[in-house]
Amino acid sequence: MNKLIIFNWKMNLADFIQADDVSGNIDVVVCPPFTHLEKIKKIMPAGFKLGAQNCFWENLGAYTGEISPVLLKSLGVEYVIIGHSERRNYIGETDEMINKKVLVALEAGLKVILCVGEPTRAIARELKIKNAELRKTKIYVKKQLEKDLKNSKFLILNSKLRNHLVIAYEPVWALSTSKNGHPDTPEDALEMIKFIKQLLNTKYKIPDTRVLYGGSVDSKNIKNFLEYKEIDGALVGGASLKIDEVKKIICQTKI
Ligand code: PGA
């Protein structure tokens, strides 16, 4: 399966890459702000898919300011990010809300990029402490996934919706840390991604679900993560705003 790179512009605008930069064994999704979905769709290179950064849990009705999954789909949107930590933290989205969004978005035919990840993790050099931290992290992420995917089995296993679920593992403490702070190590990210895959397989028998890593991925570190075959791609935030970074990330991923 191709590696999948999601460029999440968040509430920013960015320069757009040219068509000849994307062909190859890679899937690319760009998620601009809602206000620019239509414009980006018109100028998007053939290899790109369009993604939204959020949606609501109803398709129509008196919900001022909310965004309907079916209307996104009719606009040509293929993917939607649900449960990003910034929405969990700043907007107060709960696992229950996220679960409702996942169900309605899948039903509307959108591909869901569900974000999960623990808020904190001690950076421990000593092996015993590190193992204990990873154990706690696994318990946290397992609970989150179970709540966010509650009652979704019939959709996930629907043959028409095959591969419509993508998981992005984003340790919240590692977001925006590539320049300052402590980004996650590829080894710990790998361990968590293997764990998530195992969970998905045990519970839903979907071993080919793509599980991405997100958390300050840029052109300098992306190869360290993607060289592992279990890490199916990356959710990129800050680095997706710089055209040179985007080109380099795509080049690094195609190799
Ligand atoms: P970052 O953001 O790459 O800027 O850390 C990732 C994300 O929030 O999805």
Side-chain angles (χ1 to χ4, degrees), residues 3-15 17 26-34 36-37 40 48-55 77 79-93 98 101-102 105 111-121 123 137 140-141 144-145 148 165-186 188-190 192-193 196 210-226 231-253:
K3 298 272 187 192
L4 172 63
I5 305 293
I6 317 273
F7 291 112
N8 175 15
W9 290 7
K10 307 191 179 185
M11 203 174 69
N12 298 294
L13 292 178
D15 286 336
I17 193 164
I26 172 175
D27 296 329
V28 179
V29 178
V30 62
C31 302
F34 288 121
H36 281 60
L37 283 168
I40 296 301
F48 274 82
K49 307 283 187 217
L50 195 60
Q53 297 176 19
N54 177 37
C55 68
V77 170
Y79 287 81
V80 61
I81 298 173
I82 296 182
H84 193 282
S85 63
E86 284 155 11
R87 295 197 58 83
R88 292 179 191 258
N89 296 337
Y90 302 140
I91 317 291
E93 276 189 13
I98 289 161
K101 292 182 180 203
V102 168
K111 293 180 179 145
V112 167
I113 304 151
L114 172 63
C115 300
V116 293
E118 75 283 5
T120 54
R121 193 196 300 166
I123 313 291
T137 302
Y140 184 94
V141 169
Q144 212 176 27
L145 259 180
D148 295 349
L165 178 69
V166 176
I167 306 292
Y169 168 61
E170 300 205 298
V172 180
W173 52 271
L175 295 189
S176 313
T177 52
S178 65
K179 290 204 180 63
N180 311 298
H182 302 276
D184 203 359
T185 65
D188 284 356
L190 175 67
M192 284 307 297
I193 284 176
I196 290 169
R210 291 204 268 202
V211 183
L212 318 180
Y213 177 69
S216 252
V217 173
D218 61 19
S219 67
K220 288 183 200 71
N221 65 14
I222 191 162
K223 261 182 108 169
N224 303 337
F225 291 95
L226 297 194
I231 303 184
D232 297 307
L235 176 48
V236 183
S240 59
L241 302 177
K242 297 173 213 129
I243 192 147
D244 285 350
E245 272 291 288
V246 170
K247 284 183 187 173
K248 283 187 207 158
I249 287 170
I250 289 174
C251 276
Q252 302 275 346
T253 307

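Quick note: residue numbers are just sequence positions, from 1. What you see is a predicted model, and the numbers here were worked out from it, not measured in a lab. Order of listing sets the numbers, starting from 1, for every ligand and every atom in it.
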Trace of the side-chain contact (heavy atoms from CB on, under 4.5 Å) decision for Arg88 with Gln144: CA-CA 12 Å; Arg88 292 179 191 258; Gln144 212 176 27; 3.4 Å; yes

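- Here the protein heavy atom with the shortest distance to atom 2 (O) of ligand 1 is Lys10 NZ, 3.2 Å.
- Ligand-side atoms of ligand 1 in range of Ser216: 1 (P), 3 (O), 5 (O), range being under 4.0 angstrom from any heavy atom.
- Ranking the protein heavy atoms by distance from atom 9 (O) of ligand 1 puts Glu170 OE2, 2.8 Å first.
- Heavy-atom contacts from other residues, nucleotides or ligands closer than 6.0 Å to NZ of Lys49 number 12 or fewer.
- Applying the 4.0 Å criterion to heavy atoms of Gly237 picks out, from ligand 1, the atoms 1 (P), 2 (O), 3 (O), 4 (O), 6 (C).
- Near Leu235, the atoms of ligand 1 lying under 4.0 angstrom from a non-hydrogen atom of the residue are 9 (O).
- In this structure a side-chain-to-backbone donor-acceptor pair under 3.5 Å is missing from Asp188 to Asp184.
- Residues Ile167 and Val116 are in side-chain contact: their nearest non-hydrogen atoms beyond the backbone lie under 4.5 Å apart.
- Backbone and side-chain nitrogen or oxygen atoms of Gly238 are examined, and one is located within less than 3.5 angstrom of a nitrogen or oxygen of ligand 1.
- In terms of protein heavy-atom proximity, atom 5 (O) of ligand 1 is closest to Ser176 N, 2.7 Å.
- Each of Ile82, Leu235, Asp148 was scored for a side-chain contact (heavy atoms from CB on, under 4.5 Å) with Cys115, with one residue passing: Leu235.
- Note: Tyr213 and Tyr169 have tilted aromatic rings, judged against thresholds of 30 and 60 degrees for the angle between ring planes.
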